[in-house]
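Reading through the structure tokens given below for one structure.
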2 protein chains.
Amino acid sequence: MVFDQIKKYYSNFIPMSDDDWNLLKPALRLVHLKKGEKLQSEGDICNDVTFCNKGLLKCYHIKDDKEYVEAFFTENEYLSDYTSFLLRIPGKLYIEAIEDCELVLLDYDTIQTFYSRVDNFQKFGRLMAEFLFIQISLRNNSLLFESPEKRYINFSKNRPDLIQRVPQYMIASYLGVTPEALSRIRKRLLS
Amino acid sequence: MVFDQIKKYYSNFIPMSDDDWNLLKPALRLVHLKKGEKLQSEGDICNDVTFCNKGLLKCYHIKDDKEYVEAFFTENEYLSDYTSFLLRIPGKLYIEAIEDCELVLLDYDTIQTFYSRVDNFQKFGRLMAEFLFIQISLRNNSLLFESPEKRYINFSKNRPDLIQRVPQYMIASYLGVTPEALSRIRKRLLS
DNA sequence: TTTACTTCTTGACTTAGGTCAAGAAATCAT
DNA sequence: ATGATTTCTTGACCTAAGTCAAGAAGTAAA
């Protein structure tokens, strides 16, 4: 059923007893998003963490009328504007569907309640934050210590699915270069 | 006394009862490091989180014989090679004293024990990971979306203390540019 | 205070990526 | 299919940062 995927995802982090699950399940909300629709815009306080059942989304922010992609999210990935979510401040991010999406949402208040009531869930929160920290550390080092060319090579290796599904100009933005530069990098790599 | 600072630090994140503190205190280890000495080298599995009572350290890694500074840590800051610490894998980081340091260490096993035994501590772990996530997100965005010049200006604003205490070539590395480039940026900014 | 060492600055040159603009290729809608 | 729109490529030119090398300035040690 429609919440199976997120249940399995949670189970990767903590043992999820039937009791825990039955407590959590009623709080989950299923949301559908058409390509181009936004889950969140700049200025919103991010009030949910989102699990992607199906589809593809991008997180980006806008500066000087230009889009800067910070991350892509696809099947069985967990996403949110975590900074806004945690600090309860308006975020700078847009979250937008690149393909039609089926998403599962869980709101801030429910999560906080679960943190205090279910010890396992507190642990899940820790593991999740730790996991996100490691993820973003890797990206950090990549941006700081690797050339755009190397970043593109790695991205192709690690996310061949996204190379297929995401327009090149968005990938360029994600890698921190212009579309023109990425086009030239690709040309260089062919020869 | 010598553990007052870390107690206060913990108290910023969670209420720290006398019982909790008396449980934790015996596990804390005081370590002194002379300028130039290393707390950790590449290949080590990071086995402690470290709190800085006094002094100044840098985290860096080495690639093609060049040093890449990832972070500085000074009084009342918490540091570790968190990725190595969490995943229990050999790290790529060196952690080295830029000034003589007084440090408080807490080892992995103790922390894990406390996570499972003291509910408050589980929460501390979550809050800490969340905090580190937010920190590194900010740095991430700075590296990706700001010019070296902008990064230097912000760094000067946010950490005027480090501008004074850290040699310029290390700051250059931290900002992701060569010492020559930083020297020229500074020159540009004066005129 | 003289010497040695470290750190910082400057110059000359190279290069990768940015910007702007035009056109080609691919995709989508009718 | 056809035309419209979006996406990708290419060219020309510019600029900031990298590299290499030399020397100045600052700091520490004898």
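These numbers were taken from a predicted model, which means no experiment stands behind them. Side chains are part of it too, since the values below use all heavy atoms of this structure and drop only hydrogens, waters and symmetry mates. In the text below, chain A, chain B and the rest are named by the order of the sequence lines, each starting its count at 1.
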Nearest of C:dG18, C:dG11, C:dA21 to any side-chain atom of B:R184? C:dG11

Rounded to whole Å, the CD1-C1' distance (B:I171 to C:dC8) equals 12 Å

Can you check the B:D64 CG to D:dC20 P distance for me, whole Å? 12 Å

Could you work out which one of C:dT19, C:dC8, D:dT7 sits closest to the side chain of B:Y169? C:dC8

For the ring pair B:Y78 and B:F131, is the centre-to-centre distance below 6.0 Å? no

Residue-phosphate contact under 4.0 Å: B:R186 side-chain N/O, C:dT10 OP1/OP2: no

Do the side chain of A:D4 and the main chain of A:M1 share a donor and acceptor less than 3.5 angstrom apart? yes

Atom CD of A:E146 and atom P of C:dG17 are separated, to the nearest Å, by 13 Å

Quick check: on DNA chain D, is the nucleotide nearest B:K35 upstream (toward 5') of the one nearest B:P179, or the reverse? Name the residue that is more 5'. B:P179

Mind calculating the distance between CE (A:M170) and C1' (D:dT6) to the nearest angstrom? 11 Å

Looking only at C:dG18, D:dT19, C:dT19, the nucleotide nearest the A:V177 side chain is C:dG18

Once you round it to whole Å, what is the distance between P of D:dC8 and CG of A:L175? 13 Å

Closest approach to the side chain of B:Q168, judged atom by atom: which nucleotide of C:dG17, C:dC8, D:dA12 is it? C:dC8

Think B:K187 has a side-chain N or O under 4.0 angstrom from the OP1 or OP2 of C:dT10? yes

From D:dT19, C:dT10, D:dT7, nucleotide with atom closest to B:T178 side chain: D:dT19

Rounded distance in Å - CG (B:D65) to P (D:dG18): 18 Å

Just checking B:F133 against A:F133, ring centres under 6.0 Å apart? no

Integer-rounded Å distance: C:dA16 P and A:L182 CG: 16 Å

Distance-only, no hydrogens or angles: does the B:S173 side chain make a donor-acceptor pair with backbone N or O of B:E67 under 3.5 Å? yes

Using OP1 and OP2 only, check whether a side-chain N or O of A:R188 sits under 4.0 Å from C:dG17. yes

Looking only at C:dT10, D:dC8, C:dA21, the nucleotide nearest the A:P167 side chain is D:dC8

Rounded distance (Å) that lies between atom P of C:dT7 and atom CZ of B:R165: 17 Å

Pairs meeting criterion ring pair (Phe, Tyr, Trp, His ring centres under 6.0 Å) with involvement of residues 101-121 of chain A, two or more places apart: A:F85-A:Y108, A:F114-A:F121, A:Y115-A:F121, A:F121-A:F124

